[in-house]
Student: 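Below you'll find the structure I mean.
The sequence lines fix the lettering, A, B, ..., with proteins before strands; numbering per chain opens at 1. Note that the coordinates shown come from a computational prediction; the quantities given were computed from them, not determined experimentally.
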Protein chains: 2
Amino acid sequence: MSLTIKDVARLANVSIATVSRVLNRSKPVSPEIREKVMKVVDELGYNPNPVARTLIMKESMLVGVLISDVANTFISMFVRGIEKELFQHGYTTLLCNTNGDTEVELHYLNLLRDKYVDGVVLLTSAPKQEQIDFFDKNDIPVIFSSHTDKDGRFSSINIDDYQATYDATKYLIMLGHRSIAFFSGPMEYYQTVRRYNGYLQALDDHGIEYQEGWLFDKDYDLESGYKSGMELFARENRPTAVFCVSDMVAIGAIRAAEDSGLRVPEDVSIMGFDDIPIAGAYRPKITTVRQPVYELGSGSAQMLLKQIREKGTGSCESKVLPHEIIVRESCRALTD
Amino acid sequence: MSLTIKDVARLANVSIATVSRVLNRSKPVSPEIREKVMKVVDELGYNPNPVARTLIMKESMLVGVLISDVANTFISMFVRGIEKELFQHGYTTLLCNTNGDTEVELHYLNLLRDKYVDGVVLLTSAPKQEQIDFFDKNDIPVIFSSHTDKDGRFSSINIDDYQATYDATKYLIMLGHRSIAFFSGPMEYYQTVRRYNGYLQALDDHGIEYQEGWLFDKDYDLESGYKSGMELFARENRPTAVFCVSDMVAIGAIRAAEDSGLRVPEDVSIMGFDDIPIAGAYRPKITTVRQPVYELGSGSAQMLLKQIREKGTGSCESKVLPHEIIVRESCRALTD
DNA sequence: CTGTTAGCGCATTCAC
DNA sequence: GTGAATGCGCTAACAG
């Protein structure tokens, strides 16, 4: 069906080795022959079979990206960042959705290795032991995105979740709030834990005693925020502010507040996280912590590319991107 | 490094041909030998190299999914539908983001073919001539999602965009609206055109004359809706209702209305499309047309799988999934 | 510089 | 039923 290197060699009256050489610049070829070959290649519109190439080279120009559904809201943007960067360097992105299922993750990891992917980006939010083991066993470049392994033996790119939440909590405290609930995600994710710790530390640093019942650990989505909100706002003695681990949770919380007869921010202040496009358009506009999602994606790709080039060095780096408090309308100063 | 079929053959004292046979059930093998081989396979944890296999079989167990950024809001859900379905059948999803760039699309299509993908799902919203040509030239199973080629020579899965918009417009008319603006996406997308036609027809069928200046064709995102809204609501003689091609556009339009001192739905009714998760949580809750996004994804996968099995038959089917008007708060009845 | 040859890991035709 | 040999399309030693 398709053209092979043989066809080119025959029509150009050279050996297949020569064709391979001009195509890969692997060895010097005389200008005349090179040109002759290129002419045939162009006329035929020939391009080498990447599968055969992979079989020999053990590289595929493929990069696997594992995603789960956490923070699913910004996955799309994140992936675009990765994808664009990789594409510019001739790599293709193999996207794998794991739904956070360890078994599925492992399945994909093995599959990817068998396909000779040149690298992997993990956006699965909970670095499991199985993953660590896999990358210990297989020498495949990998970037942990938005989460790191405990020992920091692998490259990673993150924002400073601890500091970001610390800053957010501090902001609420500066506004005069002394009772602040924490609408969390699952504590299995280090990301969540780091945020929680930042929150606790900010409380502590400002002489606020953490209260039993301020923590709601459900998930990163709208429904979780709504449920936590309905639960919290039904209480007699409710906090004056709520920190949410995502904007979607914040939106759910705002809905719950309104359904409970509370106004935001007059009766309760609600802070989000992510700064998804809708955050600035919501009513009230959501005060939130901005993550540079696209940059996290493209940064992952850049780091991975570097690691692929330097494969074998065992080098490993960590990158932390800046966050930013975006002040809008959903949090107000307490002036009583 | 990795295990090969030779290792298995050696340890089981059989030829590689026999190993291949038990693994593929391609030819009968005596029970004793089969068992002996399987034992070695299990002990070694051997699995065949898919790349070598692809080189011979000309199939990869890979499916390419091309996406652009239109309706980017629901791509995530759509892809999950595809991915899950394919995964269950042993296929892996190769996701390619084209940004609607024809050149990039073509690049990917060629790459995918060279990787021997077993099929392709197109979610690029504008069936371009180049794409049609590609699939005419290359006999690769393909599903056009959310858009069809004009001639209907390829399989596709859609909702009935024409009817859905007709229904939505009719709903607004039934509410008493006689002047209805259309916040559109780019007219290069057939999807957009079909919706526009449904809108026009509904107007016509109910004796409403279409007015110059009711059409705003920008894009499917929030900003487009906002801009169109600011433009429209500044006018003296503004419509009482607006149909938007997506919920994000609707959200932008609602923002614009409020920034123009208009209340929704008291002063202007705004209707969305898609029913993204936020639509029901927005303030006001958005009246919209629901698309079964996940089902469009899994349906695409099912149709593709079927086509892969029946490859060569040249069979081609079209599937239309139901839409639904979701009545919420953003549109009100005119009672004057 | 260039051509010949030998694999990469596997499926499959042939002989037996 | 089973094994030896051939080749998928390509790269890389090896000679010349």
Student: Considering only side-chain heavy atoms of Ser26(A), which listed nucleotide, dT11(D), dA12(D), dA11(C), is closest?
Tutor: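 Looking only at side-chain atoms, Ser26(A) lies closest to dA12(D).
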Student: What is the distance, to the nearest angstrom, from the CZ atom on Arg34(B) to the P atom on dT2(D)?
Tutor: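 Interatomic distance, CZ of Arg34(B) to P of dT2(D): 10 Å.
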Student: Mind calculating the distance between CG (Asn13(B)) and C1' (dT2(D)) to the nearest angstrom?
Tutor: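 The answer, rounded to whole Å, is 13 Å.
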Student: When all nucleic acid strands are considered with a 4.0 Å heavy-atom cut-off, which category describes Val19(B): base, sugar-phosphate, or nothing?
Tutor: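 Touches nothing.
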Student: Would you say NZ of Lys311(B) has more than 12 non-hydrogen atoms from neighbouring residues, nucleotides or ligands within 6.0 angstrom?
Tutor: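 Yes.
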Student: Nearest whole Å is fine: how far is dC10(C) C1' from Arg10(B) CZ?
Tutor: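 Distance, rounded to whole Å: 16 Å.
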Student: Just to be sure I understand the rule, does Ser20(B) reach a base, reach only the sugar-phosphate, or reach nothing, if contact means heavy atoms closer than 4.0 Å?
Tutor: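 Answer is base: heavy atoms of Ser20(B) come under 4.0 Å of a base.
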Student: Report the residue from Leu86(B), Val117(B), Asp118(B) that forms a side chain to side chain contact (heavy atoms under 4.5 Å, CB included) with Met61(B).
Tutor: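 Testing each of Leu86(B), Val117(B), Asp118(B) against Met61(B), the sole residue satisfying side chain to side chain contact (heavy atoms under 4.5 Å, CB included) is Asp118(B).
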Student: Could you tell me whether Val51(B) contacts a base, only the sugar-phosphate backbone, or nothing, with contacts defined as non-hydrogen atoms closer than 4.0 Å?
Tutor: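 Nothing, no nucleic acid heavy atom in range.
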Student: What I want to find out is whether Arg53(B) reaches Glu59(B) closely enough, with some N-O distance under 4.0 Å, to be called a salt bridge.
Tutor: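 No, Arg53(B) and Glu59(B) are not salt-bridged.
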Student: Touch check for Ile16(B), heavy atoms < 4.0 angstrom, all strands: base, sugar-phosphate only, or nothing?
Tutor: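 Base, at least one base heavy atom under 4.0 Å.
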Student: Think Arg53(B) has a side-chain N or O under 4.0 angstrom from the OP1 or OP2 of dG9(C)?
Tutor: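 Indeed not, no polar side-chain atom of Arg53(B) lies that close.
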Student: Check every atom of dG9(D), dT2(C), dG3(C) against the side chain of Ser30(A) and return the nucleotide holding the closest atom.
Tutor: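 Closest of the options to the side chain of Ser30(A): dT2(C).
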Student: Please state whether the phosphate of dA4(D), meaning OP1 or OP2, lies under 4.0 angstrom from any side-chain nitrogen or oxygen of Ser15(B).
Tutor: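 Answer is no, no contact under 4.0 Å.
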Student: To the nearest Å, give me how far apart CG (Leu23(B)) and P (dC10(C)) are.
Tutor: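 Those two atoms, CG and P, are 9 Å apart.
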Student: Taking only the side-chain heavy atoms of Ala52(B) (C-beta and beyond), determine which of dT12(C), dT11(D), dC10(C) contains the nearest atom.
Tutor: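 The listed nucleotide nearest to Ala52(B)'s side chain is dC10(C).
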Student: Over 60° means perpendicular and under 30° means parallel, so tell me whether Phe144(B) and Phe135(B) are parallel, tilted or perpendicular.
Tutor: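 Ring orientation of Phe144(B) relative to Phe135(B): perpendicular.
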Student: Just to confirm, is there a sub-4.0 Å distance from OP1 or OP2 of dC10(D) to any side-chain nitrogen or oxygen of Tyr46(A)?
Tutor: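 It does, given that an N or O in the side chain of Tyr46(A) lies less than 4.0 Å from OP1 or OP2 of dC10(D).
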Student: Without hydrogens or angle criteria, can the side chains of Thr54(B) and Ser60(B) be said to hold a donor-acceptor pair below 3.5 Å?
Tutor: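 Absent: no donor and acceptor within the cut-off.
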Student: If we ignore angles and hydrogens, is there a donor and acceptor under 3.5 Å between the side chains of Glu130(A) and Thr102(A)?
Tutor: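 The criterion, which ignores hydrogens and geometry beyond distance, is not satisfied for Thr102(A) and Glu130(A).
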Student: Under the criterion side chain to side chain contact (heavy atoms under 4.5 Å, CB included), which of Leu109(B), Val121(B), Leu123(B), Asn97(B) is the partner of Leu66(B)?
Tutor: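 Answer to the side chain to side chain contact (heavy atoms under 4.5 Å, CB included) test with Leu66(B) among Leu109(B), Val121(B), Leu123(B), Asn97(B): Leu109(B).
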Student: Let me know the distance between CD of Glu59(A) and C1' of dC8(C), rounded to the nearest Å.
Tutor: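 It is 14 Å, rounded to the nearest whole Å.
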Student: Considering only side-chain heavy atoms of Val29(A), which listed nucleotide, dC8(C), dT2(C), dC8(D), is closest?
Tutor: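 The nucleotide sitting nearest to the side chain is dT2(C).
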Student: Can you tell me if the side-chain N/O atoms of Asn49(A) get under 4.0 Å from OP1 or OP2 in dC8(D)?
Tutor: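 Looking at the OP1 and OP2 atoms of dC8(D), neither is under 4.0 Å from any side-chain N or O of Asn49(A).
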Student: CD1 of Ile56(A) versus P of dC10(D): gap in Å, rounded?
Tutor: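 Ile56(A) atom CD1 is separated from dC10(D) atom P by 9 Å.
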Student: Identify all pairs in which a protein N or O lies below 3.5 Å from an N or O of nucleotides 13-16 of chain C, and state each distance.
Tutor:
unit_1, atom_1, unit_2, atom_2, d
dT13(C), O4, Arg21(B), NH2, 3.2

Student: I need the OH-P distance between Tyr116(A) and dC8(C), as an integer number of Å.
Tutor: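 Distance check: Tyr116(A) OH to dC8(C) P gives 11 Å.
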Student: Once you round it to whole Å, what is the distance between C1' of dG9(C) and CG of Leu55(A)?
Tutor: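 That distance rounds to 6 Å.
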Student: Under 3.5 Å, is there a donor-acceptor pair linking the side chains of Asn49(A) and Asp114(B)?
Tutor: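 No, because no side-chain N or O of Asn49(A) sits under 3.5 Å from a partner of the opposite role on Asp114(B).
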